[in-house]
Engineer: 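This is the structure, below, for whatever I ask next.
Residue numbers start from 1 in every chain, and the chains themselves are labelled A, B, ... in the order their sequence lines are given, proteins ahead of strands.
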Number of protein chains: 2
Amino acid sequence: MIPGLPQKLSQHGLPQRVTVYEVGARDGLQNEAALVPTEAKAEFIARLADAGLWMIEATGFVHPKWVPQLADADELMPLLGRHGFNDHTRFPVLVPNRRGLVRAAAAGAKDIAVFASATETFAAKNLNSTMEQSMLEIEATLQQALARGMRARGYVSMCFGDPWEGPVALRAVADVVVRLIAAGCVQVSLGDTIGTATPGHVRTLIDALERRGVARDRLAVHFHDTYGQALANTYAALQAGIATVDSSAGGLGGCPYAESATGNLATEDLVWMLDGLGITTGVDLRKLVETSGWMADILGRPAPSRAVQALTRGRTASTTTVNGNG
Amino acid sequence: MIPGLPQKLSQHGLPQRVTVYEVGARDGLQNEAALVPTEAKAEFIARLADAGLWMIEATGFVHPKWVPQLADADELMPLLGRHGFNDHTRFPVLVPNRRGLVRAAAAGAKDIAVFASATETFAAKNLNSTMEQSMLEIEATLQQALARGMRARGYVSMCFGDPWEGPVALRAVADVVVRLIAAGCVQVSLGDTIGTATPGHVRTLIDALERRGVARDRLAVHFHDTYGQALANTYAALQAGIATVDSSAGGLGGCPYAESATGNLATEDLVWMLDGLGITTGVDLRKLVETSGWMADILGRPAPSRAVQALTRGRTASTTTVNGNG
């Protein structure tokens with residue numbers, strides 16, 4: 001079991017297979033201070049695919065003024081084709097509006113992700129619009145995307161709390177989720193943008209969505225480790241029947257000591273748990289850890305992921321505990 | 001809800017009240033490189049009690065050659081009496097053997113904790129004995145402790161995996177737990193010493209113990225965040241009916257980037273989850289965070305706890321996410 005893999009002991013009532021939706025190349029790198037060279041991003045994504053990840057959000061066609069880390073989206077996409085991925089691997093890209101969609105299509109994207117807010121304040125501050133204006137633009141974007149034969153996912157931000165508004169009503173989240181699905185999203189990812197969610201809240205929201213007619217296989221979860229809750233919340237979501245989980249290789253974008261920390265759930269920590277639960281992901285944890293270590297070297301700092309830390313310390317994890325308890 | 005407390009949404013089938021068994025002053029500090037002055041330790045423990053913690057493992061009467069961080073145990077204990085704690089607050093101390101028990105009794109300890117190993121290799125390397133020899137010494141120690149009117153808890157190390165032996169049989173753990181209880185321990189804490197456990201394993205072990213006649217109210221859990229699993233495992237344990245959880249204020253002893261990291265579950269991350277689940281702990285999270293920040297200053301490095309990091313950044317947690325997703 002050591003080093004490398006947890007003991008498998010499955011648990012009744014969980015999905016047998018989980019799709020890890022990898023966001024490190026987009027959500028992770030956009031929250032890192034360093035600008036990673038485009039060629040390195042392409043290699044990063046290729047290595048993630050080689051580690052068995054098959055839903056890899058590659059970049060975002062957002063305004064480079066706001067997100068300079070993703071300013072090379074148009075150049076990055078053509079590089080992905082070189083790596084001979086199998087047909088199964090998909091590279092969704094974040095698209096904020098119709099202008100971004102045109103760029104994404106020109107760059108060869110086949111899958112997009114749009115993002116909506118569950119609160120007015122976040123819509124105003126992040127999307128510079130009202131929720132309704134934002135949703136109208138999303139619906140127009142989705143309409144054009146579907147017409148181009150693209151597949152679309154929706155993100156909903158602030159599903160579990162908003163730093164300005166406080167608690168967010170289940171109904172407010174459900175309204176947005178239902179509308180995104182009606183507009184053509186094949187999947188909606190419930191985002192705990194500020195990381196305040198706890199497992200009971202997760203379960204309650206998923207149950208509320210089901211009562212609104214949203215099937216669990218249309219949902220994904222996107223947790224942040226800002227308060228250390230991401231994996232516990234994920235476990236609650238799995239118990240509620242969710243089978244797609246967003247995470248970031250190495251915990252990219254989530255260095256806990258950085259001011260810019262978003263605290264993305266680390267893919268390795270997630271895969272460790274899923275492996276232990278006997279849930280199939282197709283991900284090779286060792287290859288993934290190597291890839292995150294390689295990216296950490298490029299960024300010049302350790303990967304935030306606990307599992308990456310433990311698996312790259314080059315020692316049995318218990319050495320000091322042994323001495324300590326003597 | 002921000003800053004400071006999660007939204008409460010409880011979950012069916014969980015304990016209404018959980019005892020947080022605070023190990024930072026012992027298990028945390030013994031794994032920190034720095035030697036904390038005795039007076040500061042006493043103030044630390046007083047502040048933990050003031051934050052509402054009432055089971056606070058204060059120190060250990062282990063050999064100072066092996067654990068210099070706890071060499072001041074004899075001096076520390078008398079200082080705790082000064083702070084006027086209410087009768088409810090208890091300060092167990094780790095006691096490895098009869099010699100330690102004599103010291104602990106002389107220093108005024110009323111509660112002790114003994115520790116056993118679930119594997120032969122760990123017993124050999126950490127306790128320098130066989131499991132049987134170790135258990136005989138523990139039983140002798142417990143006998144004398146009970147004769148002195150003390151209360152005793154047992155720790156079992158390596159319950160979920162051993163770095164040398166690999167998987168650990170449920171039966172091996174159960175044998176030790178049953179024997180500790182028979183020898184007079186009021187509670188046994190299941191230790192995931194190397195942090196490899198996952199939630200299904202946790203549930204499986206607790207169920208196996210029940211089949212061996214161990215009631216859930218006699219059990220506590222002690223998880224390490226070495227692979228980021230501690231809080232998810234805790235949630236699984238709560239669902240299995242466990243109502244005592246060990247954790248370390250600020251994540252003391254668990255700095256993820258340190259070679260010496262044991263990855264103790266941070267009390268703040270735990271309390272955040274328990275608060276969110278609507279489970280009563282009596283702990284004032286804000287006071288606890290202040291205390292952990294104060295101790296981090298003494299140690300000269302940030303607290304490993306994610307929640308402490310988030311709550312002391314002095315900003316709304318979402319600032320950068322907002323810009324990032326623009």
Engineer: Output the option from A232(A), G60(A), A266(A), G195(A) having the highest count of non-hydrogen pairs under 4.5 Å with chain B.
Structural biologist: A232(A)
Engineer: Classify the side-chain pair S292(A)/E268(A) by whether it contains a donor and acceptor separated by less than 3.5 Å.
Structural biologist: yes
Engineer: Report, as yes or no, whether the 6.0 Å neighbourhood of atom CG on D207(B) holds more than 12 heavy atoms from other residues, nucleotides or ligands.
Structural biologist: yes
Engineer: Excluding sequence neighbours, so at least two apart, what forms ring-ring contact (aromatic ring centres under 6.0 Å, His included) with F61(A)?
Structural biologist: none
Engineer: Side chain from CB out, backbone as N, CA, C, O: work out which of these in A236(A) comes under 4.5 Å of a heavy atom of chain B, or both, or neither.
Structural biologist: both
Engineer: Name the orientation class of the two ring planes belonging to Y235(A) and Y235(B) (parallel below 30°, tilted from 30 to 60°, perpendicular beyond 60°).
Structural biologist: perpendicular
Engineer: Considering only heavy atoms, which portion of Q239(B) lies under 4.5 Å from any heavy atom of chain A: side chain, backbone, both, or neither?
Structural biologist: side chain
